[in-house]
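All remarks here apply to the structure that follows.
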Number of protein chains: 2
Amino acid sequence: MTASRSWRSEEVARNDRALLRAAREVLAVDGAHASVASIAARAGVGVGSLYRRYRTKQELFQRLCLIALRDYLDAANEGLAMDDPWAGLVHYAMASIRSGPGSLAPVAGTFDVTDEMTELAERGDRAVAELVERAHRARVLRAGVTAVDLELLIEQLSKSPLQEHLQRQGRTELYDAALNARERIIAVALDGLRAAPAGPLPGQAPGYELFTMRWAPPEDEQPASE
Amino acid sequence: MTASRSWRSEEVARNDRALLRAAREVLAVDGAHASVASIAARAGVGVGSLYRRYRTKQELFQRLCLIALRDYLDAANEGLAMDDPWAGLVHYAMASIRSGPGSLAPVAGTFDVTDEMTELAERGDRAVAELVERAHRARVLRAGVTAVDLELLIEQLSKSPLQEHLQRQGRTELYDAALNARERIIAVALDGLRAAPAGPLPGQAPGYELFTMRWAPPEDEQPASE
DNA sequence: TTCGATGCGGAGTGAATCGCTCCGCATCGA
DNA sequence: TCGATGCGGAGCGATTCACTCCGCATCGAA
């Protein structure tokens, strides 16, 4: 119980990271119905190992939420640190969309909120409010847009129904195309659909198979492991 | 079996409409995990009545999907009938977002696709392609935007995590505010966040409680009936 | 090489929920 | 009053859930 317990702690840490990553991924796909078995399988560990680290499913989600709140606050502060108000706002939005507080929304209300989480959320809200106000002062943000509007838009863009479907069906070969398509969508939503582009759309135009494939019967259910 | 079977057919039709509406609502909230019991309860009928009209859960979803495809095609044609290319495109997008093919996405691949459905989908795709091309010819649509981009954006905007959460918790008093907030988000996504507004944002600015309330413990689980 | 300790994967468990069936009852025209 | 009809929901077997527990592989120490 002294300093001698450095035995294989690296593997422990690695497993823990894999567990958290797997939990976030599975949660994004299955929502609140995500099962511990699928999380453990995706992380490549047994359920026993999961329960040795987290006493309950809720405790895992709680930890996951705390990490997301930290990322969220970091992203806002990074945005504030940028000189260009618009670039800072976009940086925050992009980072939040990617690490997805929106994907954590389904578990909201399923566990107790700790004081630490409340404080992190408040600090994040303050930073975002400052980000929005600064953008308004520079007149680069549409008049009337509030911080709540921004947060809700981010939440709306956080989930990716297309990628979830692909993952459920195990169509990994289309994953890159789906990622590209999503980047375009986000760019459009942030920059606007009207003809007055802030630049050319990134990447290639997505093909129709992204739209048609999900209607085909899943020829192979997701192995849910490895 | 002749023309004399008009007995109470109005109530039957009313029940059927209630069933379809309930199914769409429950599906939007619970996704593919939607249970027949919750659908029947929300429609205010017993599961027996549901199974008298639809032999299986998949058959109900199939019918639901067919109706959505029809609405989808109608919306596209209505958009084409409008003189202003931009207004037509927005009309289609708004109608599609509201009647939500996106909320049907979770059941994609869970039942067989009939020929009628395939044909409706193809006709819809053609109409949307024409809508997009016309907007491009009039130079009112951002360069590089394809029909698939548009469809994916519509799908992205179709689901409403906020409203789903409210419904799950039974907070009906915030429903109007959530609806208003969603209208703003959609307007922003379609018009763009950058300072060059196409007009003032509609409705009132949403309050912070929309964002904080979902973290509060649900003081009353959804009664799921009536 | 042998031994105790440690953390591992996953079969097993009771509870909950699923889609679906079936039956008693209310409500109608005759 | 009586047969017919459609209704709501209790009940059924099957499935899935969160969680427990145990045999085994792998390590340092002797």
Side-chain angles (χ1 to χ4, degrees), chain A residues 1-19 22-23 26-27 29-64 106-107 110-111 168 221-226, chain B residues 1-19 22-23 26-27 29-64 106-107 110-111 168 221-226:
Chain A
M1 202 176 283
T2 65
S4 70
R5 61 178 5 256
S6 62
W7 179 72
R8 273 206 168 180
S9 62
E10 51 176 77
E11 184 178 331
V12 166
R14 186 160 13 104
N15 273 357
D16 199 37
R17 273 194 301 270
L19 224 36
V26 172
L27 209 96
V29 175
D30 295 340
H33 303 277
S35 69
V36 289
S38 58
I39 292 173
R42 175 169 271 267
V45 306
V47 288
S49 303
L50 190 155
Y51 276 96
R52 202 166 307 105
R53 252 165 272 285
Y54 304 95
R55 277 173 302 183
T56 184
K57 187 184 173 185
Q58 292 192 0
E59 193 173 306
L60 170 61
F61 285 170
Q62 223 169 4
R63 164 76 55 171
L64 212 61
V107 297
T110 64
F111 53 77
R168 234 188 313 259
E221 282 296 328
Q222 169 178 331
S225 79
E226 189 187 2
Chain B
M1 200 176 285
T2 64
S4 70
R5 62 183 356 259
S6 64
W7 179 72
R8 275 206 166 175
S9 63
E10 51 176 78
E11 184 178 331
V12 167
R14 187 160 13 104
N15 273 358
D16 199 37
R17 274 195 300 271
L19 223 36
V26 172
L27 209 97
V29 175
D30 295 340
H33 302 279
S35 68
V36 289
S38 59
I39 292 173
R42 173 169 273 265
V45 305
V47 288
S49 303
L50 190 155
Y51 275 97
R52 203 167 305 106
R53 253 165 270 285
Y54 303 95
R55 277 173 302 185
T56 184
K57 186 185 173 185
Q58 291 192 2
E59 194 173 304
L60 171 60
F61 285 171
Q62 225 169 2
R63 164 78 52 172
L64 212 61
V107 298
T110 63
F111 52 78
R168 231 185 319 256
E221 281 297 326
Q222 169 178 332
S225 81
E226 189 188 4

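Lettering follows sequence order; numbering is per chain, from 1.
When the side-chain nitrogen and oxygen atoms of A/N15 are compared with OP1 and OP2 of C/dC8, one or more of them lie within a distance under 4.0 Å. Considering only side-chain N and O atoms, A/S49 lies nowhere under 4.0 angstrom from the phosphate OP1 or OP2 of C/dG7.
Nearest heavy atoms, B/A37 versus B/V47: CA-CG1, 3.9 Å. Closest approach of B/A43 to B/A18, counting heavy atoms only: CB-O, 3.7 Å. The two atoms that bring B/I39 and B/L19 nearest to each other are CG2-O, 4.2 Å, heavy atoms only. The two residues B/T56 and B/Y51 have their closest heavy-atom pair at CA-CE2, 4.1 Å. Among all heavy-atom pairs drawn from A/V26 and A/R42, the shortest one is CG2-CD, 3.5 Å. Here the shortest heavy-atom pairing between A/E59 and A/R53 reads OE2-O, 4.1 Å.
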Task: Derivation of the side-chain contact (heavy atoms from CB on, under 4.5 Å) call for B/F111 and B/L60 - done: CA-CA 10 Å; B/F111 52 78; B/L60 171 60; over 6 Å; no

- [ ] Please test A/D16 against A/Y54 for side-chain contact (heavy atoms from CB on, under 4.5 Å), starting from the C-alpha separation and ending with a verdict.
- [x] CA-CA 10 Å; A/D16 199 37; A/Y54 304 95; 2.9 Å; yes

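Atom CG in A/L19 sits roughly 14 Å away from atom C1' in C/dG7 (whole-Å rounding). Rounded to a whole Å, the CG atom of A/D16 is 10 Å from the P atom of C/dC8. Counting to the nearest Å, the P atom of C/dC18 and the CZ atom of B/F61 are 12 Å from each other. For B/I39 and C/dC20, the CD1 to P distance is 11 Å, given to the nearest whole Å.
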Task: Structure string for DNA chain C in dot-bracket form, Watson-Crick and G-U at under 3.5 Å, | interchain - done: ||||||||||||||||||||||||||||||

Task: Letter per nucleotide, 5' to 3', of nucleotides 16-22 of chain D [B base touched, S only sugar-phosphate touched, - untouched; heavy atoms, 4.0 Å] - done: -SSBBB-

